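Quick caveat, the model's predicted, so the values are computed rather than measured. Starting from 1, each residue takes its place in the sequence as its number.
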Amino acid sequence: MRQIISPVVKRKDRLPPGQHWTDRLHILGISEPPDIDLSDYRLKIFGEVEESIVLTWDDIESLEKVELIADFHCVTRWSCPDVRWTGFHAEELRKIAVIKENVKAVMIHSLDGYTTNIPIQYFFDEDVIFAYRLFDSPLPSDHGFPLRLVVPKLYSWKSAKFVSGIEFMTENRAGYWEQRGYHILGDPWREQRYGI
Ligand SMILES: Nc1nc2c(c(=O)[nH]1)N[C@H]1C(S)=C(S)[C@@H](COP(=O)(O)O)O[C@H]1N2
Ligand SMILES: [Mo]
């Protein structure tokens, strides 16, 4: 299996300003984890694509697997080092859907009603994956079962859990927390916690 070590773990300023290390992922979410039966699960790819695509769980498992090691930085100031995830690389989506050239951002949609927006160059980055395993176990429901995004270079509110949709957009648009005052980008090294 291909392994990616996110460049965030090799930075000289590995711990972003105003953060402290913790030894585990704390569970944060806007509601209880949704109940999901994998046979009913669907992942929709829509918006600015030539044709919308719907993937089943079998489709997702057949995508090339990749392992990612990355730190996880929550805007509430805890950071967890060396988290190991397994899933598929965001770039795999380019093999599945024809993404229009004028796309500027994606909106990730989740089964708990959560959304979050990511500029396209941050989404198609070397260390962005959709994960379905955490360390050596299937992704626990609290951490986003069955599928979550992992975006190591942004605060972890961008790492949406329970992902059900990926919407390609020609303009960046604010997601759930971004509408409620979180920064539109959220770069931890620039301390983009709140505000524009
Ligand atoms: N669907 C969904 N994804 C979400 C959230 C949420 O409320 N719903 N919270 C975000 C926030 S603020 C953080 S810090 C991380 C927490 O991930 P964890 O619970 O696996 O530690 O998930 C992010 N992804
Ligand atoms: Mo968070």
Side-chain angles (χ1 to χ4, degrees), residues 1-6 8-9 21-45 53-76 78-93 95-97 106-118 122-167 175-177 186 188:
M1 193 185 348
R2 184 157 73 102
Q3 195 193 57
I4 301 168
I5 299 181
S6 168
V8 300
V9 311
W21 290 118
T22 72
D23 60 357
R24 63 185 181 90
L25 292 176
H26 301 269
I27 296 157
L28 284 177
I30 58 167
S31 61
E32 290 297 303
D35 246 331
I36 297 151
D37 185 336
L38 284 184
S39 57
D40 299 331
Y41 176 80
R42 297 290 181 273
L43 176 64
K44 298 183 190 66
I45 303 163
I53 311 275
V54 179
L55 300 180
T56 64
W57 190 253
D58 284 348
D59 295 332
I60 288 167
E61 282 199 314
S62 71
L63 300 175
E64 191 190 334
K65 288 184 179 51
V66 60
E67 191 178 87
L68 170 71
I69 296 182
D71 301 341
F72 196 82
H73 303 296
C74 176
V75 70
T76 62
W78 55 269
S79 290
C80 184
D82 294 320
V83 185
R84 181 158 52 86
W85 308 94
T86 310
F88 67 88
H89 200 278
E91 287 282 353
E92 288 297 300
L93 296 172
K95 301 178 189 162
I96 299 166
V106 295
M107 185 71 78
I108 307 297
H109 296 261
S110 297
L111 290 161
D112 58 350
Y114 188 78
T115 53
T116 191
N117 59 289
I118 301 161
Y122 282 83
F123 180 70
F124 286 126
D125 201 350
E126 61 196 311
D127 56 357
V128 174
I129 76 164
F130 286 88
Y132 44 74
R133 294 183 70 80
L134 172 57
F135 293 107
D136 294 312
S137 313
L139 191 62
S141 66
D142 285 333
H143 293 297
F145 178 86
L147 188 71
R148 84 173 300 164
L149 185 63
V150 183
V151 188
K153 290 177 187 140
L154 298 177
Y155 281 121
S156 44
W157 85 76
K158 300 288 184 178
S159 292
K161 306 193 272 191
F162 329 113
V163 172
S164 58
I166 305 161
E167 179 186 1
Y176 182 92
W177 282 124

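- A 4.5 Å side-chain heavy-atom check between Leu28 and Thr76 finds at least one atom pair inside the cut-off.
- Of the possible donor and acceptor atoms, one in the side chain of Thr115 sits under 3.5 Å from a partner among the backbone N and O of Tyr176.
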Note to self: Using side chain to side chain contact (heavy atoms under 4.5 Å, CB included), reason through Leu63 and Ile96 one step at a time and then give a plain yes or no.
What the structure shows: CA-CA 10 Å; Leu63 300 175; Ile96 299 166; 3.8 Å; yes

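- Between Phe130 and Phe123, the ring-plane angle classifies as perpendicular under the 30° and 60° cut-offs.
- His109 and Ser164 share no donor-acceptor pair across their side chains, judged by distance under 3.5 Å alone.
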Margin query: Let's go through Glu67 and Arg84 carefully: what are the C-alpha distance in whole Å and the side-chain angles of both, what is the deciding distance for salt bridge (Lys or Arg N to Asp or Glu O under 4.0 Å) to 0.1 Å, and is it a yes or a no?
Written below: CA-CA 7 Å; Glu67 191 178 87; Arg84 181 158 52 86; 3.7 Å; yes

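- Val128 pairs in a side-chain contact (heavy atoms from CB on, under 4.5 Å) with only one of the listed residues (Leu149, Leu154, Val150), which is Leu149.
- Using a distance-only test at 3.5 Å, with no hydrogens or angles considered, no donor-acceptor pair links the side chain of Lys158 to the main chain of Gly186.
- Of the N and O atoms on the side chains of Ser159 and Trp157, not one donor lies less than 3.5 Å from an acceptor on the other residue.
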Check: After noting the C-alpha distance and the side-chain angles of Trp85 and Arg148, does the key distance pass the side chain to side chain contact (heavy atoms under 4.5 Å, CB included) rule?
Finding: CA-CA 10 Å; Trp85 308 94; Arg148 84 173 300 164; 3.6 Å; yes

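- The backbone N or O of Glu126 lies less than 3.5 Å from a partner atom in the side chain of His89, making a donor-acceptor pair.
- Thr56 and Asp59 share a side-chain donor-acceptor pair at under 3.5 Å.
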Check: Are Asp125 and Lys153 close enough, and set up right, to give a salt bridge (Lys or Arg N to Asp or Glu O under 4.0 Å), and what steps lead you there?
Finding: CA-CA 9 Å; Asp125 201 350; Lys153 290 177 187 140; 2.8 Å; yes

Next item on the list: Go through the steps to decide whether Ile60 and Tyr132 satisfy the test side chain to side chain contact (heavy atoms under 4.5 Å, CB included), and finish with yes or no.
Entry: CA-CA 10 Å; Ile60 288 167; Tyr132 44 74; 4.1 Å; yes

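- A donor-acceptor pair is defined here as one N or O able to donate and one able to accept, closer than 3.5 Å; such a pair exists between the side chain of Lys161 and the backbone of Asp142.
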Next item on the list: Walk me through it: do Lys65 and Phe88 pass the test side chain to side chain contact (heavy atoms under 4.5 Å, CB included)?
Entry: CA-CA 5 Å; Lys65 288 184 179 51; Phe88 67 88; over 6 Å; no

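- Put simply, the side chain of Ser110 never gets that close to the backbone of Asp112: no donor and acceptor are under 3.5 Å apart.
- When each of Leu43, Leu147, Ile36 is tested with Trp57 by the rule side-chain contact (heavy atoms from CB on, under 4.5 Å), just one qualifies, namely Leu147.
- Between Phe162 atom CZ and Asp35 atom CG the span is 11.0 Å, to the nearest 0.5 Å.
- Phe72 contributes atom CZ, which lies 10.0 Å from atom OG1 of Thr22 (distance to the nearest 0.5 angstrom).
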